*Asks:* 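Pasting a structure here, questions to come.
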Protein chains: 2
Amino acid sequence: MVTLAEVAQHAGVSASTVSYVLSGKRSISAGTRQRVERSIQELGYHPNAGARALASSKSNIIALMVPLRTDMYVPVMMEIAIAVATTARIHGYDVLLLTGEEGPDAVRRVTGSGLADAMILMDVELDDERLPLLRDTDQPSVLIGLPADTSGLTCVDLDFGATGALCVEHLAMLGHREIAVVGEAPAVYERHTGFAERTLDGLRSRARELGLRVLHRPCEGGYDAMAATLARIFDERPGTTGFVVQNESAVEPLLALLRQQGRAVPEDVSVIAVCPEQVALQASVRLTSVAIPAQEMGRRAVEQLVAKLDGRETDEVVLLAPELTVRASTGPLTGG
Amino acid sequence: MVTLAEVAQHAGVSASTVSYVLSGKRSISAGTRQRVERSIQELGYHPNAGARALASSKSNIIALMVPLRTDMYVPVMMEIAIAVATTARIHGYDVLLLTGEEGPDAVRRVTGSGLADAMILMDVELDDERLPLLRDTDQPSVLIGLPADTSGLTCVDLDFGATGALCVEHLAMLGHREIAVVGEAPAVYERHTGFAERTLDGLRSRARELGLRVLHRPCEGGYDAMAATLARIFDERPGTTGFVVQNESAVEPLLALLRQQGRAVPEDVSVIAVCPEQVALQASVRLTSVAIPAQEMGRRAVEQLVAKLDGRETDEVVLLAPELTVRASTGPLTGG
DNA sequence: ACCCGGTATCGAAGCGCTTCGACAACCTAT
DNA sequence: ATAGGTTGTCGAAGCGCTTCGATACCGGGT
């Protein structure tokens, strides 16, 4: 294992000079710099992370807490995680992967031990028990998701309220008057993760303004659950012609069931999904959808965090504007 | 930030004593131990990770390299990653998340800087360019996946050869004679990730022994791609009655297409999927499947790695035995 | 010739921890 | 009573780096 001192000796300079070449914190003459850089190359030197962290009180590591549950939106989570890792590398940070399992203790452990310089939390609940700790510590953090009280926190999320509104507007424009919302599993609502409720609220209030009727039904993923949910929906509101689906694993079953019941998409009923692009593109009908910009969310979260670490000012809440892409699953209500 | 020295002073002992209480590497009297532990509690002490790493040359971090591509088996990857993180914590390690993006450089960086004590690589290609580096360094590593040459490496994977054989045996037993294999996207084969080929090899050789005909077609995920693939299959082998699908995102489209063509599952054709349990359970037909034991793979990888770090002997290759679960998508060939 | 402000480099201290050798204090076994 | 072995604790060195003066050198103004 090559050390700074060895590089210094090889280049015929002092250790501190090598350090300054590396960090650029003091000016170094071109000649010296080149000699040092050549020595680094030749010896294959890599700074020791532990020593660096100890001396500088900076680990250059960002902790990412992902939910332990793998029951929902897994591809989204993964995409966010990968975007976080990739963006962090660009800014010179590595990413430590923590699972939600440890809960608040993980926050204490990481802040206490100086393992990471900052953290990103995913799957934030409305009244998350980790939030007081974050407010207390001076370690920067960014949430992906929106808790009830954002004061003193920095959050990045899709504007789910606007997402809901957007869906309902599109359907209204096409002439639909009765909308069914196929939501996430009941557990998601009980957990108060926020995004599901926010979508619903945005959707409902816009629907009220536009005079549409909305029926919301949570739904576990899968074919059987969707079948039961769909039956209940048509039972209660036979006139339903528009569907908004916010549950990846209910999308394909819904399409299959509608087909089976002889309801054509989009001639008889329209379907909008709130899901990643890939799901919308791979479904048996190319879906009109509002994309969940997972990559963008991960990227923005890191950028906010790096800004904080650099002492720059950051926004309190970054809400990404939803975009609706019209594809083959929605169309005008023809006749009656 | 509380330090060891402060704890020592508070407890009225020397710093080294506190260190030994923490590590248990020397005997400490019960009284002293309790006093120190109380001080640690009261002051809320957490050892500084950097200092510890520097002094002990151990970071207690495991690096996990996940593929950058999010085009395949994402839930499997995520589940593995989470299992790795969870299991690592149990053994006192944290997990550093690296993306495949940096490639071999990441290996150099991590081993060189002492950022991590060991690494786990996912998505290993048959002739992966990172392997020479791993063989060269004395840093322990475990691969999830199976390269062409495993000498000097430790690998954990599902026994995909046996998986293929198992599928064909089940279909043969039910009386099927013509089998179609719907494989991964062509890109996966071109990349030589191994598992796809191994499944196919196992399947083919068992089919030969049992006298079945096999037709293999790679398939991009999604409805349209599956439709094209299916058309080609029935065109070439109209007598096909058994399907083996090794591509999550082709499963549901296949079922929908068969239904649409009036072929009943399992009365007319049988379908076996190689996929995570959840996919098999949520499909529109409950699928007979061979599960991909993602959690088990992550867990075993960490356990192998920890064994290595502890200086214990490890297996070179851990192949998990596949298990076929019979559900509603396969049945005996009725009549002809 | 002299002082001045830059610029380039060095030396030393110190970050918080682990670990080794030393050393008391005690307990047997002679 | 004394040598020899345990057991529990301490002090100091050192891990590899950053960073803060200090120093030496240079050219320009007077």
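Just so it is clear, the structure is predicted and the values come from calculations on it, not from any experiment. Chain identifiers are assigned alphabetically (A, B, ...) following the order of the sequence lines, protein sequences preceding nucleic acid strands; residue numbering begins at 1 within each chain.
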*Asks:* CG/Leu121(A) to CG/Asp128(A) distance, rounded to the nearest 0.5 angstrom?
*Replies:* 7.0 Å
*Asks:* Go nucleotide by nucleotide along DNA chain D from the 5' end; which of Ser56(A) and Leu54(B) gets its closest nucleotide reached first?
*Replies:* Leu54(B)
*Asks:* At 10 degrees resolution, what angle do the end axes of the helix from dA1(C)-dT30(D) to dT30(C)-dA1(D) form when each is taken over five base pairs?
*Replies:* 50°
*Asks:* Please state how far atom CG in Leu115(B) lies from atom P in dC17(D), giving the value in whole angstrom units.
*Replies:* 13 Å
*Asks:* Whole-Å distance between dC15(D) C1' and Glu6(A) CD?
*Replies:* 13 Å
*Asks:* Between OG1 of Thr137(B) and CE of Met119(B), what distance do you get to the nearest 0.5 Å?
*Replies:* 9.5 Å
*Asks:* Rounded to the nearest angstrom, tell me the gap between atom CG in Asn60(A) and atom C1' in dC17(D).
*Replies:* 13 Å
*Asks:* Drop me the distance from Gln9(B)'s CD to Thr3(B)'s OG1, to the nearest 0.5 angstrom.
*Replies:* 9.0 Å
*Asks:* From Leu305(B) CG over to Thr87(B) OG1, what is the distance, rounded to the nearest 0.5 angstrom?
*Replies:* 11.5 Å
*Asks:* When you check the side-chain N and O atoms of Ser29(B) and Thr32(B), is any donor under 3.5 Å from an acceptor?
*Replies:* yes
*Asks:* Got a list of protein N/O to nucleotides 5-9 of chain C N/O distances below 3.5 Å?
*Replies:*
unit_1: dA8(C); atom_1: OP2; unit_2: Ser27(A); atom_2: OG; d: 2.7
unit_1: dT9(C); atom_1: OP1; unit_2: Ser29(A); atom_2: OG; d: 2.9
unit_1: dT9(C); atom_1: OP1; unit_2: Thr32(A); atom_2: OG1; d: 2.2
unit_1: dT9(C); atom_1: OP2; unit_2: Ser29(A); atom_2: N; d: 2.9
unit_1: dT9(C); atom_1: OP2; unit_2: Ser29(A); atom_2: OG; d: 3.2
unit_1: dT9(C); atom_1: OP2; unit_2: Thr32(A); atom_2: OG1; d: 3.4
unit_1: dT9(C); atom_1: O4; unit_2: Arg26(A); atom_2: NH1; d: 2.8

*Asks:* Nearest 0.5 Å, what's the CE-CE distance between Met77(B) and Met297(B)?
*Replies:* 8.0 Å
*Asks:* Ignoring backbone atoms, test whether Lys25(A) places a side-chain nitrogen or oxygen under 4.0 Å from the OP1 or OP2 oxygen of dT19(D).
*Replies:* yes
*Asks:* So which atom in Val36(A) and which in Val7(A) form the shortest heavy-atom distance, rounded to 0.1 Å?
*Replies:* O-CG1, 4.4 Å
*Asks:* Could you give the distance from CE (Met65(B)) to CG (Leu96(B)), rounded to the nearest 0.5 Å?
*Replies:* 11.0 Å
*Asks:* Rounded to the nearest angstrom, tell me the gap between atom CG in Leu43(A) and atom C1' in dG16(D).
*Replies:* 15 Å
*Asks:* Rounded to whole angstrom units, what separation is found between the CG atom of Asn48(A) and the P atom of dC17(C)?
*Replies:* 16 Å
*Asks:* Who are the side chain to side chain donor-acceptor pair (under 3.5 Å) partners of Asn60(A), not counting sequence neighbours?
*Replies:* none
*Asks:* Without decimals, in angstroms, what is the distance between Leu4(A) CG and dC10(C) P?
*Replies:* 13 Å
*Asks:* Please work out if Ser19(A) contacts a base, only the sugar-phosphate, or nothing of the nucleic acid, heavy-atom cut-off 4.0 Å.
*Replies:* base
*Asks:* To the nearest Å, give me how far apart CZ (Arg52(B)) and C1' (dG16(D)) are.
*Replies:* 18 Å
